Amino acid sequence: MSERNQELLQLAQEEVEQHKETVEADPYRLSYHLMPPVGLLNDPNGFVQWGDTYHIFYQWMPFDTGHGAKFWGHYTTKDFVHYTHEKPALTPSDWFDKNGVYSGSAIVHEGKLHLFYTGNVKDENGNRETYQCLAVSEDGIHFEKKGVVAELPGGYTAHFRDPKVWSHDNRFYMVIGAQSEDEQGKAVLFRSDDLLEWTFLGPIAGSKENGMGSFGYMWECPDLFELDGTDVLIVSPQGLEADGMKYANVYQSGYFTGQLDYDKPYLDHGTFTELDLGFEFYAPQTTVDDKGRRILIGWMGVPDQYEQAHPTVENEWIHCLTLPRQLTWDGKQIIQQPLEELKEMRGPVLLHSSITIENDQKAIRGIQGKAIELNIDLETTGEQFSIELFQYASLSYKDGVMTLSRPHLEDKSKTEFRRTELRSELKNIHMFLDHSTLEIFVNNGEEVFTSRIYPQPEEEHILFTSLGSTTFSVEQWKLSGFEV
Ligand code: FRU
């Protein structure tokens, strides 16, 4: 292990110890979501199952609640309910990654875990350089950096990062998020036979590619996989203008589906669909496990979206990962559902069936709490149905449109909204609340809203309102948090 690596690990550990009590005393601390021990967390990285263990790495800035020279933090789990916080896997200790071990992915090959990541480098004048790098581990805990495996090809700026690697027909492929010299966002493909030597094949999709118009100046964190017979490209484009109810966050995350021709290479695809309509969701990554499930985890945050207005900053930490979700393809769209294993966190169920509310607002006995799961099945829905959470956020359904609102994080005198027209009538709302997070799966995963919420810490009330008559049942489980 290099001296610089050891020094950085030591400094990060001191930072964790110095602020441990402050972070742990924060009422907004989470009980069943992955968060940083101190400092800033962003993208999930290197999500993979190896043997009976799932590895989830994350972009980590230990020294600040802002962005900077990222480490790879590291959690492992066998069941998505009990986690081990491993020691950081990678630090920005080498010339090729000194300004950040940026995002990337993992693949198991010949009994070793291979991590591919972007080495971010800035020279004395602030000019950016980018290197695609490899680190290898035999035990899943200690990683040996192998250095640079792919250089920046001609025609692209140094905004070229976030390698996602997979195997297909006995070869390896790597998709990278890129910006062409004329400042268009692209997803580009590399190929390799041994994971060490990589050949640049060219763009497979992008702004002004494949007959698509202008679609952002940079594409981050691409992920490409087959899902129930269709090819899916997930990407986080930057530079889309808000368009009606669409693209309301500063940057987006969504997907294209179609057919990837590996030889051309070219992704014949349809239009872009956002994966999540909440206030905080970005840079998701997927993996496939030994049960054949395609599982997605995202970052519950958005870069440059009033990040410093999150009140956890005062307590020396910011951001978290989403719950793991299973993806399926229903022939038209991706369906996202909370992973089955999460049911293991449930306490006894509290069930109220056939509740009718007519032109009224009501609390429902026992339906309250800070770390809970709610499942609401609607039988009939009035003109408007809404759920007020902790006198802070509100989820409301009217004229086919679902709206989530909360006080504006920066300007609390304003309310901010995210909304979408549902593809079908409202039938089901499945919600996970964890102190300062909210994940809402609508109509069994047709739409998802993911957001941070910062209600008064002692406020636990949930109120149901109906204009006209709404009849529904509600199930609630208190969720046991996980010890890390
Ligand atoms: C996305 C991103 C990636 C980059 C990483 C740096 O949030 O900007 O493109 O690799 O974060 O932390």
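Note that this is a predicted model, so its numbers are computed, not measured. Whatever order the structure lists ligands and atoms in, that order sets their numbers, starting from 1.
- Close approach of ligand 1 to K70 is summarised as follows: ligand atoms under 4.0 Å from at least one heavy atom of the residue are 6 (C), 12 (O).
- Among all non-hydrogen protein atoms, the one lying nearest atom 8 (O) of ligand 1 is E220 OE2, 3.0 Å.
- With ring centers used as reference points, F272 lies under 6.0 Å from F256.
- The existence of a salt bridge linking K414 and E416 is excluded, since no basic side-chain nitrogen approaches an acidic carboxylate oxygen closer than 4.0 Å.
- With L115 as the partner, the side chain to side chain contact (heavy atoms under 4.5 Å, CB included) test is satisfied by one option alone out of N45, L90, V136, V165: L90.
- For ligand 1, the atoms closer than 4.0 angstrom to any heavy atom of W299 are 7 (O).
- Close contacts between ligand 1 and Y282 involve ligand atoms 1 (C), 7 (O) [criterion: under 4.0 Å to a heavy atom].
- Applying the 4.0 Å criterion to heavy atoms of D162 picks out, from ligand 1, the atoms 3 (C), 4 (C), 9 (O), 10 (O).
- Rounded to the nearest 0.5 Å, atoms CG (L275) and OG1 (T322) are 10.5 Å apart.
- Summarising the local packing, CD of E197 is surrounded by 12 or fewer heavy atoms from other residues, nucleotides or ligands at distances under 6.0 Å.
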- Message: Run I234 and L296 through side chain to side chain contact (heavy atoms under 4.5 Å, CB included) and show every step you take.
- Response: CA-CA 11 Å; I234 289 183; L296 175 145; 3.9 Å; yes

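- Protein heavy atom nearest atom 12 (O) of ligand 1, with residue, atom name and distance: Q59 OE1, 2.6 Å.
- Within ligand 1, the atoms closer than 4.0 Å to a non-hydrogen atom of N42 are 5 (C), 6 (C), 7 (O), 11 (O), 12 (O), numbered from 1 in the order shown.
- The protein atom (non-hydrogen) at minimum distance from atom 7 (O) of ligand 1 is D43 OD1, 2.7 Å.
- Remark: ligand 1 atoms within the under-4.0 Å shell around heavy atoms of S103 are 5 (C), 10 (O).
- The contact set between ligand 1 and R161, taken as ligand atoms under 4.0 Å from a residue heavy atom, comprises 3 (C), 4 (C), 9 (O), 10 (O).
- In the displayed structure, H82 atom NE2 is contacted under 6.0 Å by at most 12 heavy atoms of other residues, nucleotides or ligands.
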